[in-house]
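For clarity, every value in this text was computed on a predicted model and none was experimentally measured. We count ligands from 1, going down the list as the structure has it; atoms in each ligand are counted the same way.
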Amino acid sequence: MLNFGSETEPMNILLLGSGGREHALAWKLNQSVWTNPLYIAPGNAGTSQCGFNVDLDINDFEAIGKFCEKKQIEMIVVGPEEPLVKGLGDYFKSKLSLEKIYFIGPSADGARLEGSKAFAKSFMLNHGIPTAGYKEFTIDNYEEGVEWLKSSELPIVLKADGLAAGKGVVICQSQVEAIAEFELMIHRSKFGDASKKVVVEEFLEGIELSVFILTDGKNYILLPEAKDYKRIGEGDKGLNTGGMGAVSPVPFASPSFMKKVEERIIKPTVNGLAKEGIDYKGFIFFGLIKVKEEPYLIEYNCRLGDPETEVILPRLENDLVGLFISACNQELDQVRIAVDERIAVTVVAVSEGYPSAYEKGHIIEGLEVPVAKDSLVFHSGTRPEGSDVLTNGGRVLCVTSFAETVYEAVEKSRDVLEGIYYEGIYFRRDIGHEFL
Ligand code: AMP
Ligand code: GLY
């Protein structure tokens with residue numbers, strides 16, 4: 001373990017967010033020798049078991065700043081992308097009373113990796129990172145865009161440039177569909193300002209995986225990789241969701257494949273940020289696709305994934321606050337990562353109707369029963385009310401289990417979920433199906 005000199009005193013830590021990712025982060029932060037106390041804003045019923053939930057809006061920078069002053073917060077960890085893209089990091093750096101707080105997450109210029117698809121694509125191009133060929137269009141070259149779509153190969157991928165709550169990517173199977181979608185995005189603001197600019201991209205055929213690093217702007221540590229399952233239905237059918245489950249490690253992420261990922265994608269990214277003068281201290285999530293044996297980068301996110309976090313943090317054996325201090329001090333080159341070699345699988349339980357309309361406020365039963373030692377329950381859309389826990393979102397909770405095989409891990413999570421009940425509970429029973 002690193003010696004942090006005078007920094008071995010416990011720290012007041014604030015975590016922002018309220019999903020399953022944040023429950024997993026809170027659970028992990030709460031195990032650190034340096035955490036005391038932990039606040040989570042706004043949190044959920046699960047995070048309240050790891051620290052103190054605080055009723056703060058994650059996009060109200062002034063309120064967050066005032067809370068940090070009042071509680072003498074020494075470290076702030078940002079779960080979701082939105083406050084980062086909007087410049088929370090810059091806000092903290094600009095205030096004398098806040099600038100010394102360890103801030104985990106990039107400033108707005110670094111968060112453009114996620115906040116602007118056009119920026120991310122030109123960054124990839126400038127730094128020689130393999131990705132799908134693309135063009136970008138706005139209202140100014142709209143007609144050119146239509147002509148381009150008429151002659152494009154199918155399927156073709158349209159992406160709103162800005163943040164669109166995970167919905168801004170449309171894969172079109174015909175030219176007619178692509179032109180209609182293009183019109184909706186640019187002329188009818190389908191995704192508001194986010195689709196004023198559209199990236200039109202070649203479709204890549206392959207198998208996806210999520211790779212994560214924590215970087216200090218110069219060095220990085222590679223976290224366990226994961227594969228998530230986005231479709232609502234078993235057999236990967238039906239509508240796209242935020243994620244119905246995840247598996248880590250990913251069987252096809254062999255050492256030789258991961259070496260290519262590091263050499264061709266991760267290192268050029270970290271070096272590229274430094275070359276462009278972007279100070280980046282935080283997580284980078286690489287959404288990759290393996291085409292034959294070669295990795296291509298589909299997207300960057302400036303945060304951890306959900307539900308991937310619920311399998312990667314339980315596998316990570318290092319003290320998370322220690323890693324964050326090393327990142328802020330630009331000392332990640334001195335850190336060695338330790339990872340539980342077992343397989344972790346998480347299965348997400350959702351509300352009936354999700355990802356379309358769903359109800360909230362149903363009582364969740366069965367949470368008080370202790371789960372087997374190889375399983376963990378992480379809350380997503382839940383809220384406490386008196387002594388009850390109520391559903392409060394589309395994704396309600398997930399169960400992560402460890403085992404020697406994917407099959408056993410899924411079975412353990414399923415057993416736990418069968419003991420939990422709320423009206424309309426639904427979960428997939430085939431997470432990790434291609435690895436069984
Ligand atoms: P993104 O929001 O960029 O992650 O895109 C959402 C999903 O769309 C990805 O997880 C992929 O499944 C798919 N996707 C995005 N870009 C491409 C592409 N160029 N080729 C194939 N699939 C893609
Ligand atoms: N699970 C994908 C994401 O967090 O964006």
### Query
Under 3.5 Å, side chain of Arg429 to main-chain N/O of Arg414, donor-acceptor pair present?
no
#### Entry: Centroid-centroid distance, Tyr422 to His362, less than 6.0 Å
no
### Message
Can you confirm if the aromatic rings of Tyr220 and Phe212 lie within a centre distance of less than 6.0 Å?
### Response
no
### Message
Between Met75 and Ile325, is there a side-chain heavy-atom distance shorter than 4.5 Å?
### Response
yes
### Message
Just so I know, are the side chains of Ser122 and Tyr134 near enough to count as touching, which here means a heavy-atom distance under 4.5 Å?
### Response
yes
### Message
For a quick check: using heavy atoms under 4.0 Å, what are the residues in contact with ligand 2, sorted by chain and number?
### Response
Asp228, Gly242, Phe285, Arg303, Gly305, Asp306, Pro307, Glu308
### Query
Can Asn53 and Thr47 be counted as having a side-chain donor-acceptor contact under 3.5 angstrom?
yes
### Query
Side-chain donor-acceptor pair under 3.5 Å between Tyr300 and Thr269, yes or no?
yes
### Query
If you count the non-hydrogen atoms of other residues, nucleotides and ligands that lie under 6.0 Å from OH in Tyr91, is the total more than 12?
yes
## Note on the structure
What one should report as the nearest heavy-atom pair of Asp306 and Arg21 is OD2-N, 3.2 Å
### Task
Heavy-atom cut-off of under 4.0 Å around ligand 1: list whichever protein residues fall inside it, by chain and number.
Lys117, Ala132, Val157, Lys159, Val169, Ile171, Glu201, Glu202, Phe203, Leu204, Glu208, Lys230, Ile298, Glu299
